[in-house]
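To find a chain, count down the sequence lines: A is the first, B the second, and so on, and within it residues start at 1.
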Amino acid sequence: MLMITPRILHRLHCKKWSFFTYHHYSYHHHTPNNHLPVPLPPTIHLSRICKHPTTVKTLHASLIISGHPPDTTLISLYASFGFLRHARTLFHRLPSPTHHSFKLIIRWHFLNDVHSHVVSFYNLARTTLGSFNDLVVFSILLKTASQLRDIVLTTKLHCNILKSNAADSFVLTSLVDAYSKCGKLRDARKVFDEIPDRSVVSWTSMIVAYVQNECAEEGLMLFNRMREGFLDGNVFTVGSLVTACTKLGCLHQGKWVHGYVIKNGIEINSYLATSLLNMYVKCGDIGDARSVFDEFSVSTCGGGDDLVFWTAMIVGYTQRGYPQAALELFTDKKWYRILPNSVTLASLLSACAQLENIVMGKLLHVLVVKYGLDDTSLRNSLVDMYAKCGLIPDAHYVFATTVDKDVVSWNSVISGYAQSGSAYEALDLFNRMRMESFLPDAVTVVGVLSACASVGAHQIGLSLHGFALKYGLVSSSIYVGTALLNFYAKCGDATSARMVFDGMGEKNAVTWAAMIGGCGMQGDGVGSLALFRDMLKEELVPNEVVFTTLLAACSHSGMVEEGLMIFDFMCKELNFVPSMKHYACMVDLLARAGNLQEALDFIDKMPVQPGVGVFGAFLHGCGLHSNFDFGEVAIRRMLELHPDQACYYVLISNLYASDGRWGMVKEVREMIKQRGLNKVPGVSLVEMDVNNTTHVNVAV
DNA sequence: CTAGGGTTAG
């Protein structure tokens with residue numbers, strides 16, 4: 001048994017009771033130092049000596065031996081070491097639990113995030129004691145309600161607080177937050193308006209409520225009202241203002257807030273730095289984001305330790321098209337102390353997918369497993385990464401070994417197959433998905449439709465259209481409409497494509513491109529041009545895909561003049577830099593129409609080195625017009641540029657095959673074998689021309 | 001009592 005001397009007893013009692021109190025209330029509730037101690041149960045003194053979990057049990061044992069019943073302090077002690085179940089059992093044995101003991105047991109459960117017991121002890125206290133009005137407990141319960149997004153509990157607490165007549169601005173501010181987290185903006189505002197002495201925290205809580213409930217603009221306006229009362233925001237306030245600007249895409253206002261932070265000397269912590277960084281990523285320049293990143297990681301010694309901050313920069317690079325920079329930041333030695341979490345890894349996997357960097361991708365896979373972050377959503381990212389890197393078997397393996405597949409799992413693997421040219425496997429997976437009773441969503445429909453479009457699976461596409469209509473996916477997503485339209489166009493059903501197009505409420509450049517391409521495929525170049533004019537009338541900015549399909553449409557309809565005009569318009573009026581595809585389309589346009597010399601001149605004038613597609617188009621034209629002199633010129637120049645690319649030989653072979661010179665085709669094939677080139681395409685493609693002549697591109 | 005980062009699609 002431990003011996004307690006009077007000296008120890010006095011010293012113990014003079015200490016503040018901060019151990020049992022809660023935040024700002026602690027100052028009002030502790031026992032004043034100059035009071036003589038009332039006789040206290042032995043556990044209060046002994047509890048000070050308990051520094052280790054096992055000593056609690058020793059204490060408990062000695063209490064039993066000395067005949068003392070377990071009391072609140074012992075229970076508290078058990079709870080403080082995390083033995084909550086034990087604490088609960090003893091609590092329920094208390095002959096008459098007091099207000100104070102309820103308060104303690106609630107607090108310990110709250111600190112250990114055991115929400116259900118926080119609520120049940122509160123209810124028990126109210127039935128046992130009749131009423132239970134305590135500002136500390138109200139704060140704890142409101143925080144619990146806020147975390148659980150429990151509107152029933154929030155409303156009940158609101159009633160009890162009003163009934164208790166003891167509400168102060170702290171509790172009301174918590175109530176604003178609880179209503180806000182439950183998505184009840186109006187109720188939050190009502191409570192806010194009732195707070196008599198609003199602090200910066202009250203204002204901030206209300207601003208946060210607006211920003212988090214998709215009313216960012218109101219949040220900014222409330223900040224203006226706050227400043228009318230000559231109240232300045234703190235680091236929390238400006239943080240939510242920056243988030244508001246991010247959500248609204250307001251770079252200008254965001255910069256103003258950044259200036260306000262500097263002007264008011266608000267110290268930037270990692271939360272605010274992350275918000276600012278993210279604001280620049282989403283509405284501004286990646287360079288500005290990097291400035292914030294550098295400034296904060298230099299100015300604060302410990303600032304470089306923040307995982308979320310570091311991740312935000314990685315995400316920024318990944319989202320804004322700098323995947324290489326994201327990987328470099330990840331491998332930067334300066335940040336080696338920080339371990340990535342699932343958010344970091346998800347973003348990095350996306351960066352690898354963009355770069356098709358399979359080495360880093362596999363390394364990240366190892367990290368996912370090593371850190372035990374192997375959840376469904378990360379597995380989905382892995383599936384996507386493997387698929388985009390062309391490792392379909394690996395993608396399928398990760399998918400197949402995922403225990404809790406969700407819709408995204410199926411979508412990722414289906415889209416992966418569809419985009420890597422394995423349309424039939426994609427369709428097969430879609431069947432399996434339905435057999436396993438998964439409900440497809442808009443993304444599924446888009447993926448499967450693109451598979452259908454590429455192999456002309458008309459029936460399946462039709463049933464998907466029905467499905468999409470039934471579940472209202474066509475009107476809900478512009479992607480679904482575009483995919484449907486693209487599907488009908490690729491299957492040669494221009495009427496249905498047009499019907500889908502006309503029925504779509506909202507259209508973007510991709511939608512228009514699909515429709516322009518649909519007309520072009522039917523040989524209706526005039527229709528394509530008319531659509532393009534309509535598109536400009538609706539003040540939509542065409543993208544490079546629109547011009548690619550438009551030029552292809554002109555080419556297929558023999559509209560050389562129009563094609564040249566459009567190319568000019570694209571380069572000179574809109575300042576587009578033509579891509580290799582655009583050049584190929586132009587050469588195709590000229591060569592197909594028989595203007596071979598002009599096409600060759602065009603190639604000579606190109607500011608970049610012509611690629612495969614450009615020569616392919618030219619050779620195709622040579623074949624169409626049986627002009628082998630020009631064809632051989634092109635062949636020689638191709639061989640000079642890239643003597644060891646198998647695809648060129650395929651083009652040459654196609655040229656001879658188009659004229660039925662099978663002997664030459666055989667010779668070229670021999671040449672490929674001799675040079676040890678083995679990249680042989682495995683499909684043959686049948687294409688109908690406008691002149692109704694059939695060209696067969698023979699696989700070599 | 002108030003605050004930060006993501007992955008699937010045309």
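Contact annotation: A:Lys247 side-chain N/O to B:dG4 OP1/OP2 distance is not under 4.0 Å. Between A:Lys143 and B:dT2, a side-chain N or O to OP1/OP2 separation shorter than 4.0 Å is present. Contact between the side-chain N/O atoms of A:Asn278 and the OP1/OP2 oxygens of B:dG5 is found at a separation under 4.0 Å. Between A:Gln319 and B:dT7, a side-chain N or O to OP1/OP2 separation shorter than 4.0 Å is present. For A:Gln212 and B:dT2, the shortest distance from a side-chain N or O to OP1 or OP2 is not below 4.0 Å. For the OP1/OP2 pair of B:dT7 and a distance below 4.0 Å, the side-chain nitrogens and oxygens of A:Lys388 include no atom meeting the criterion.
Nucleic acid contact for A:Lys282: sugar-phosphate only, since backbone atoms but no base atoms lie under 4.0 Å from a heavy atom of the residue. Residue A:Val315 is classed as a sugar-phosphate contact, given heavy-atom separations below 4.0 Å to backbone atoms only.
At a cut-off of 3.5 angstrom, the base of B:dT2 holds no donor-acceptor pair with the side chain of A:Ser205.
In the set B:dT2, B:dA9, B:dG6, B:dG6 carries the atom at the smallest distance from any side-chain atom of A:Ser377.
Between the CG atom of A:Asn380 and the C1' atom of B:dG6 there is a distance of 12 Å, given to the nearest Å. Residue A:Phe293 contributes atom CZ, which lies 16 Å from atom P of B:dG5 at whole-angstrom precision.
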